[in-house]
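My questions will all concern the structure given below.
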Amino acid sequence: MTTPDTALDLTPAPGAAPFPRMVLAQAGAEVRATLRNGEQLLLTLVIPVLLLAGFTLAPLIDVGGGSRVAFLAPGVLALAVMSTAFTGQAIATGFERRYGVLKRLGATPLSRAGLMLAKTAAVLAVELIQVVVVVAVGLALGWRPHGSFAAAALLIVLGTAAFSGLGLLMAGTLRAEATLAAANLVYLVLLGAGGVMFPLSKLPEAVRPALEVLPISALTGGLRTVLSGGALPLGAVGVLAAWAVLCLGLASRTFRWE
(Lines give C-alpha, C1' and ligand atoms only; values in the text may rest on other atoms or scores of the structure.)
Protein backbone atom coordinates (compact mmCIF):
# COMPACT_ATOMS: atom_id res chain seq x y z
CA MET A 1 0.00 0.00 0.00
CA THR A 2 1.33 3.39 -0.97
CA THR A 3 1.96 5.78 1.89
CA PRO A 4 2.13 9.58 1.68
CA ASP A 5 5.92 9.34 2.04
CA THR A 6 6.30 7.04 -0.99
CA ALA A 7 3.63 8.57 -3.21
CA LEU A 8 4.71 9.82 -6.63
CA ASP A 9 5.51 13.53 -6.45
CA LEU A 10 3.58 15.25 -9.26
CA THR A 11 4.34 18.78 -8.13
CA PRO A 12 5.21 20.98 -11.15
CA ALA A 13 8.86 21.98 -11.36
CA PRO A 14 8.93 25.10 -13.56
CA GLY A 15 12.22 26.15 -15.08
CA ALA A 16 14.28 26.00 -18.22
CA ALA A 17 15.40 22.67 -19.64
CA PRO A 18 19.12 21.87 -19.41
CA PHE A 19 21.19 23.82 -21.92
CA PRO A 20 22.27 20.75 -23.99
CA ARG A 21 18.65 19.61 -24.31
CA MET A 22 17.56 23.05 -25.54
CA VAL A 23 20.35 23.10 -28.11
CA LEU A 24 19.51 19.60 -29.40
CA ALA A 25 15.80 20.42 -29.65
CA GLN A 26 16.48 23.57 -31.63
CA ALA A 27 19.00 21.76 -33.84
CA GLY A 28 16.37 19.12 -34.67
CA ALA A 29 13.90 21.83 -35.65
CA GLU A 30 16.55 23.48 -37.85
CA VAL A 31 17.31 20.20 -39.66
CA ARG A 32 13.62 19.52 -40.34
CA ALA A 33 13.14 23.04 -41.69
CA THR A 34 16.13 22.69 -44.01
CA LEU A 35 15.03 19.34 -45.41
CA ARG A 36 11.56 20.76 -46.15
CA ASN A 37 13.01 23.75 -48.03
CA GLY A 38 13.38 22.93 -51.72
CA GLU A 39 15.46 26.01 -52.52
CA GLN A 40 18.02 25.20 -49.85
CA LEU A 41 18.25 21.58 -50.99
CA LEU A 42 18.93 22.83 -54.53
CA LEU A 43 21.74 25.03 -53.24
CA THR A 44 23.25 22.48 -50.90
CA LEU A 45 22.92 19.23 -52.86
CA VAL A 46 21.98 19.64 -56.49
CA ILE A 47 24.34 22.45 -57.52
CA PRO A 48 27.52 20.86 -56.06
CA VAL A 49 26.71 17.50 -57.67
CA LEU A 50 26.02 19.12 -61.05
CA LEU A 51 29.29 21.05 -60.88
CA LEU A 52 31.26 17.92 -59.98
CA ALA A 53 29.73 15.79 -62.71
CA GLY A 54 29.68 18.51 -65.35
CA PHE A 55 33.26 19.73 -65.00
CA THR A 56 34.61 16.20 -64.57
CA LEU A 57 32.98 14.88 -67.74
CA ALA A 58 33.45 18.01 -69.86
CA PRO A 59 37.01 19.43 -70.05
CA LEU A 60 35.85 23.04 -69.81
CA ILE A 61 38.52 24.18 -67.36
CA ASP A 62 42.23 23.53 -66.92
CA VAL A 63 42.90 21.89 -63.55
CA GLY A 64 46.66 21.83 -64.04
CA GLY A 65 47.08 18.20 -65.05
CA GLY A 66 46.32 14.98 -63.23
CA SER A 67 42.93 13.47 -62.53
CA ARG A 68 40.11 15.95 -63.01
CA VAL A 69 37.80 14.31 -60.50
CA ALA A 70 40.59 14.06 -57.89
CA PHE A 71 41.07 17.82 -58.19
CA LEU A 72 37.39 18.77 -58.34
CA ALA A 73 35.87 16.51 -55.66
CA PRO A 74 37.60 18.13 -52.64
CA GLY A 75 36.70 21.57 -53.98
CA VAL A 76 33.07 20.55 -54.39
CA LEU A 77 33.04 19.17 -50.83
CA ALA A 78 34.29 22.58 -49.63
CA LEU A 79 31.66 24.29 -51.77
CA ALA A 80 28.94 22.11 -50.24
CA VAL A 81 30.10 23.12 -46.75
CA MET A 82 30.01 26.80 -47.72
CA SER A 83 26.58 26.42 -49.34
CA THR A 84 25.05 24.99 -46.18
CA ALA A 85 26.97 26.67 -43.38
CA PHE A 86 27.17 30.13 -44.92
CA THR A 87 24.80 30.91 -47.79
CA GLY A 88 21.79 28.79 -46.85
CA GLN A 89 22.08 29.55 -43.14
CA ALA A 90 22.58 33.30 -43.63
CA ILE A 91 19.53 33.63 -45.88
CA ALA A 92 17.28 31.44 -43.74
CA THR A 93 18.28 33.18 -40.51
CA GLY A 94 17.89 36.62 -42.07
CA PHE A 95 14.29 35.92 -43.04
CA GLU A 96 13.64 34.32 -39.64
CA ARG A 97 14.52 37.71 -38.17
CA ARG A 98 12.25 39.51 -40.62
CA TYR A 99 9.21 37.32 -39.92
CA GLY A 100 9.63 37.40 -36.15
CA VAL A 101 10.75 33.80 -35.65
CA LEU A 102 13.91 34.87 -33.87
CA LYS A 103 11.99 37.37 -31.77
CA ARG A 104 9.84 34.53 -30.44
CA LEU A 105 12.96 32.43 -29.82
CA GLY A 106 14.43 35.38 -27.96
CA ALA A 107 11.56 35.17 -25.48
CA THR A 108 12.59 31.60 -24.59
CA PRO A 109 15.46 30.58 -22.28
CA LEU A 110 17.57 29.79 -25.38
CA SER A 111 20.54 32.17 -25.42
CA ARG A 112 22.35 33.64 -28.42
CA ALA A 113 25.17 31.17 -27.91
CA GLY A 114 22.64 28.33 -27.69
CA LEU A 115 20.97 29.39 -30.93
CA MET A 116 24.31 29.56 -32.75
CA LEU A 117 25.34 26.16 -31.41
CA ALA A 118 22.01 24.66 -32.49
CA LYS A 119 22.28 26.12 -35.98
CA THR A 120 25.87 24.91 -36.33
CA ALA A 121 24.88 21.40 -35.17
CA ALA A 122 22.03 21.35 -37.70
CA VAL A 123 24.44 22.39 -40.43
CA LEU A 124 26.77 19.51 -39.53
CA ALA A 125 23.87 17.05 -39.78
CA VAL A 126 22.96 18.30 -43.27
CA GLU A 127 26.61 18.27 -44.30
CA LEU A 128 26.84 14.59 -43.41
CA ILE A 129 24.21 13.93 -46.09
CA GLN A 130 26.09 16.17 -48.53
CA VAL A 131 29.39 14.39 -47.95
CA VAL A 132 27.80 10.99 -48.57
CA VAL A 133 26.19 12.17 -51.82
CA VAL A 134 29.25 14.02 -53.18
CA VAL A 135 31.64 11.19 -52.30
CA ALA A 136 29.29 8.64 -53.92
CA VAL A 137 29.14 10.69 -57.13
CA GLY A 138 32.91 11.19 -57.06
CA LEU A 139 33.54 7.46 -56.65
CA ALA A 140 31.18 6.76 -59.56
CA LEU A 141 33.23 9.19 -61.67
CA GLY A 142 36.50 7.42 -60.80
CA TRP A 143 37.70 9.33 -57.73
CA ARG A 144 39.82 7.22 -55.39
CA PRO A 145 40.59 9.30 -52.28
CA HIS A 146 43.19 8.11 -49.80
CA GLY A 147 44.87 9.59 -46.76
CA SER A 148 43.57 10.65 -43.39
CA PHE A 149 39.78 10.86 -43.36
CA ALA A 150 39.97 12.01 -39.73
CA ALA A 151 42.03 15.01 -40.88
CA ALA A 152 39.45 15.71 -43.60
CA ALA A 153 36.68 15.58 -40.99
CA LEU A 154 38.58 18.04 -38.79
CA LEU A 155 38.92 20.48 -41.68
CA ILE A 156 35.21 20.19 -42.47
CA VAL A 157 34.26 20.87 -38.85
CA LEU A 158 36.56 23.91 -38.69
CA GLY A 159 35.26 25.13 -42.06
CA THR A 160 31.70 24.70 -40.85
CA ALA A 161 32.39 26.76 -37.74
CA ALA A 162 34.05 29.50 -39.80
CA PHE A 163 31.28 29.72 -42.42
CA SER A 164 28.53 29.34 -39.84
CA GLY A 165 29.95 32.24 -37.85
CA LEU A 166 30.21 34.38 -40.98
CA GLY A 167 26.64 33.56 -42.01
CA LEU A 168 25.21 34.29 -38.56
CA LEU A 169 27.22 37.51 -38.34
CA MET A 170 25.69 38.67 -41.62
CA ALA A 171 22.16 37.51 -40.82
CA GLY A 172 22.24 39.01 -37.34
CA THR A 173 23.21 42.51 -38.44
CA LEU A 174 21.78 43.09 -41.94
CA ARG A 175 18.18 43.28 -43.16
CA ALA A 176 16.82 40.11 -44.76
CA GLU A 177 16.92 41.50 -48.31
CA ALA A 178 20.47 42.76 -47.83
CA THR A 179 21.49 39.38 -46.40
CA LEU A 180 19.99 37.60 -49.43
CA ALA A 181 21.91 39.78 -51.87
CA ALA A 182 25.17 39.81 -49.91
CA ALA A 183 25.20 36.06 -49.21
CA ASN A 184 24.68 35.18 -52.88
CA LEU A 185 27.31 37.71 -53.96
CA VAL A 186 29.87 36.37 -51.49
CA TYR A 187 29.03 32.80 -52.57
CA LEU A 188 29.77 33.62 -56.22
CA VAL A 189 32.94 35.54 -55.40
CA LEU A 190 34.34 32.75 -53.22
CA LEU A 191 33.34 30.14 -55.81
CA GLY A 192 35.42 31.98 -58.40
CA ALA A 193 38.31 33.12 -56.23
CA GLY A 194 38.68 30.28 -53.73
CA GLY A 195 40.35 27.63 -55.87
CA VAL A 196 37.22 25.46 -55.98
CA MET A 197 37.02 24.82 -59.72
CA PHE A 198 40.54 25.77 -60.84
CA PRO A 199 43.96 26.15 -59.16
CA LEU A 200 44.85 29.44 -57.48
CA SER A 201 48.08 29.28 -59.51
CA LYS A 202 45.99 30.32 -62.53
CA LEU A 203 45.27 33.69 -60.91
CA PRO A 204 47.64 36.69 -60.85
CA GLU A 205 50.49 36.19 -58.41
CA ALA A 206 49.86 39.56 -56.77
CA VAL A 207 46.46 38.51 -55.41
CA ARG A 208 47.29 34.96 -54.31
CA PRO A 209 48.45 35.80 -50.75
CA ALA A 210 45.11 37.48 -50.04
CA LEU A 211 43.11 34.66 -51.61
CA GLU A 212 44.99 31.98 -49.66
CA VAL A 213 43.70 33.33 -46.34
CA LEU A 214 40.05 33.06 -47.40
CA PRO A 215 38.20 30.27 -45.55
CA ILE A 216 37.11 28.60 -48.80
CA SER A 217 40.71 28.53 -50.08
CA ALA A 218 41.99 27.05 -46.82
CA LEU A 219 39.26 24.40 -46.74
CA THR A 220 39.62 23.49 -50.42
CA GLY A 221 43.41 23.32 -50.32
CA GLY A 222 43.43 21.42 -47.05
CA LEU A 223 40.98 18.80 -48.29
CA ARG A 224 42.95 18.33 -51.52
CA THR A 225 46.10 17.76 -49.51
CA VAL A 226 44.76 15.26 -46.98
CA LEU A 227 42.59 13.35 -49.48
CA SER A 228 45.57 12.84 -51.78
CA GLY A 229 47.66 11.30 -49.00
CA GLY A 230 49.39 14.41 -47.68
CA ALA A 231 49.84 15.50 -44.07
CA LEU A 232 47.33 17.76 -42.37
CA PRO A 233 48.26 21.33 -43.46
CA LEU A 234 48.62 23.35 -40.27
CA GLY A 235 48.36 26.58 -42.22
CA ALA A 236 44.86 25.70 -43.40
CA VAL A 237 43.90 24.65 -39.87
CA GLY A 238 45.12 27.97 -38.51
CA VAL A 239 43.25 30.02 -41.13
CA LEU A 240 39.96 28.18 -40.54
CA ALA A 241 40.33 28.32 -36.75
CA ALA A 242 41.02 32.06 -36.88
CA TRP A 243 37.95 32.70 -39.06
CA ALA A 244 35.82 30.54 -36.75
CA VAL A 245 36.91 32.32 -33.57
CA LEU A 246 36.61 35.79 -35.11
CA CYS A 247 33.23 35.32 -36.81
CA LEU A 248 31.54 33.35 -34.04
CA GLY A 249 32.86 35.79 -31.46
CA LEU A 250 31.56 38.82 -33.37
CA ALA A 251 28.25 37.12 -34.09
CA SER A 252 27.69 36.29 -30.43
CA ARG A 253 28.17 39.98 -29.53
CA THR A 254 26.26 41.63 -32.37
CA PHE A 255 23.48 39.17 -33.22
CA ARG A 256 20.04 40.80 -32.98
CA TRP A 257 16.87 38.80 -32.40
CA GLU A 258 14.74 41.35 -34.31
Side-chain angles (χ1 to χ4, degrees), residues 34-35 40-88 123-164 187-203 208 211-212 214-237 239-240 243:
T34 299
L35 296 179
Q40 285 196 46
L41 286 179
L42 175 68
L43 178 69
T44 59
L45 277 177
V46 178
I47 292 177
V49 168
L50 288 178
L51 288 174
L52 176 59
F55 285 105
T56 296
L57 297 175
L60 301 176
I61 56 176
D62 181 9
V63 299
S67 169
R68 298 180 64 81
V69 69
F71 176 86
L72 291 169
V76 170
L77 282 173
L79 179 66
V81 170
M82 182 175 70
S83 299
T84 302
F86 170 65
T87 313
V123 164
L124 286 170
V126 175
E127 286 175 355
L128 181 60
I129 301 173
Q130 289 178 291
V131 168
V132 170
V133 172
V134 171
V135 169
V137 173
L139 292 175
L141 293 170
W143 183 36
R144 297 296 179 265
H146 56 281
S148 175
F149 295 103
L154 173 62
L155 289 168
I156 288 175
V157 170
L158 287 173
T160 298
F163 283 120
S164 183
Y187 176 86
L188 292 175
V189 170
L190 294 183
L191 172 61
V196 174
M197 306 307 296
F198 51 84
L200 290 179
S201 59
K202 300 293 182 181
L203 298 176
R208 286 181 212 162
L211 298 181
E212 288 171 354
L214 295 175
I216 187 64
S217 303
L219 181 56
T220 299
L223 288 175
R224 284 199 181 111
T225 298
V226 299
L227 292 176
S228 62
L232 177 66
L234 297 182
V237 170
V239 169
L240 292 173
W243 276 96

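The figures that follow rest on heavy atoms only: side chains count, while hydrogens, waters and symmetry mates do not.
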* To do: State the CG-CG distance between Leu52 and Leu57, to the nearest 0.5 angstrom.
  =>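 Taking CG in Leu52 and CG in Leu57, the distance rounds to 8.5 Å.
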Ignoring hydrogens and angles, write down the donor-acceptor pairs under 3.5 Å from the side chains of residues 63-72, residues two or more places apart or on other chains.
| from | atom 1 | to | atom 2 | distance (Å) |
| --- | --- | --- | --- | --- |
| Ser67 | OG | Ala70 | N | 3.2 |
| Arg68 | NE | Phe55 | O | 3.2 |
| Arg68 | NH1 | Ile61 | O | 2.9 |
| Arg68 | NH2 | Phe55 | O | 2.9 |
| Arg68 | NH2 | Ile61 | O | 3.2 |

* Asked: Does the side chain of Leu240 reach to within under 4.5 Å of the side chain of Val157, using non-hydrogen atoms?
  ->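 In short, these two side chains do not touch, never coming nearer than 4.5 Å.
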* Kindly state each residue pair satisfying side-chain hydrogen bond (donor to acceptor under 3.5 Å, both in side chains) with at least one member in residues 155-164, sequence neighbours excluded. =>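 Those involving residues 155-164 are Gln89-Ser164, Thr120-Ser164, Glu127-Thr160.
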* Within-4.5 Å side-chain heavy-atom neighbours: Pro233 and Val226 ->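 Contact flag for Pro233/Val226 side chains = yes.
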* To do: For residues Gly195 and Leu200, report the shortest heavy-atom separation together with the two atoms involved.
  =>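 Nearest heavy atoms, Gly195 then Leu200: N-CD2, 3.6 Å.
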* Asked: If you measure from CD1 on Ile129 to CG on Leu124, what distance do you get to the nearest 0.5 Å?
  ->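 One finds 12.0 Å between CD1 of Ile129 and CG of Leu124.
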* Which heavy atom of Val196 sits nearest a heavy atom of Gly75, and at what distance? ->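 What the structure gives for the nearest pair is CG1-O, 3.4 Å.
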* If every non-hydrogen atom of Ala78 is compared with every non-hydrogen atom of Leu223, which pair is closest and at what distance? ->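 Nearest pair, atom of Ala78 first, then Leu223: N-CD1, 4.1 Å.
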* Closest non-hydrogen atom pair, Ile216 against Leu79 ->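 It is CD1-N, 4.3 Å.
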* Asked: Looking at CG of Leu219 and CG of Leu158, how far apart are the two atoms once the value is rounded to the nearest 0.5 Å?
  ->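 If I round to the nearest 0.5 Å, the distance is 9.0 Å.
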* For Gly192 against Phe198, the heavy-atom pair lying closest together ->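 Smallest heavy-atom distance, with atoms named: O-CZ, 3.0 Å.
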* Asked: Any side-chain heavy atom of Phe163 within less than 4.5 Å of one from Thr84?
  ->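 They are not in side-chain contact.
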* Would you say Ser228's side chain and Thr225's backbone share a donor-acceptor pair under 3.5 angstrom? ->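 Such a contact is found between Ser228 side chain and Thr225 backbone.
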* **Inter-residue atom distance Thr87.OG1 - Leu191.CG, 0.5 Å rounding** =>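 Spacing of OG1 (Thr87) from CG (Leu191) equals 10.0 Å.
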* If you take all heavy atoms of Ser217 and Ala193, which pair is closest and at what distance? ->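 The answer is OG-O, 4.0 Å.
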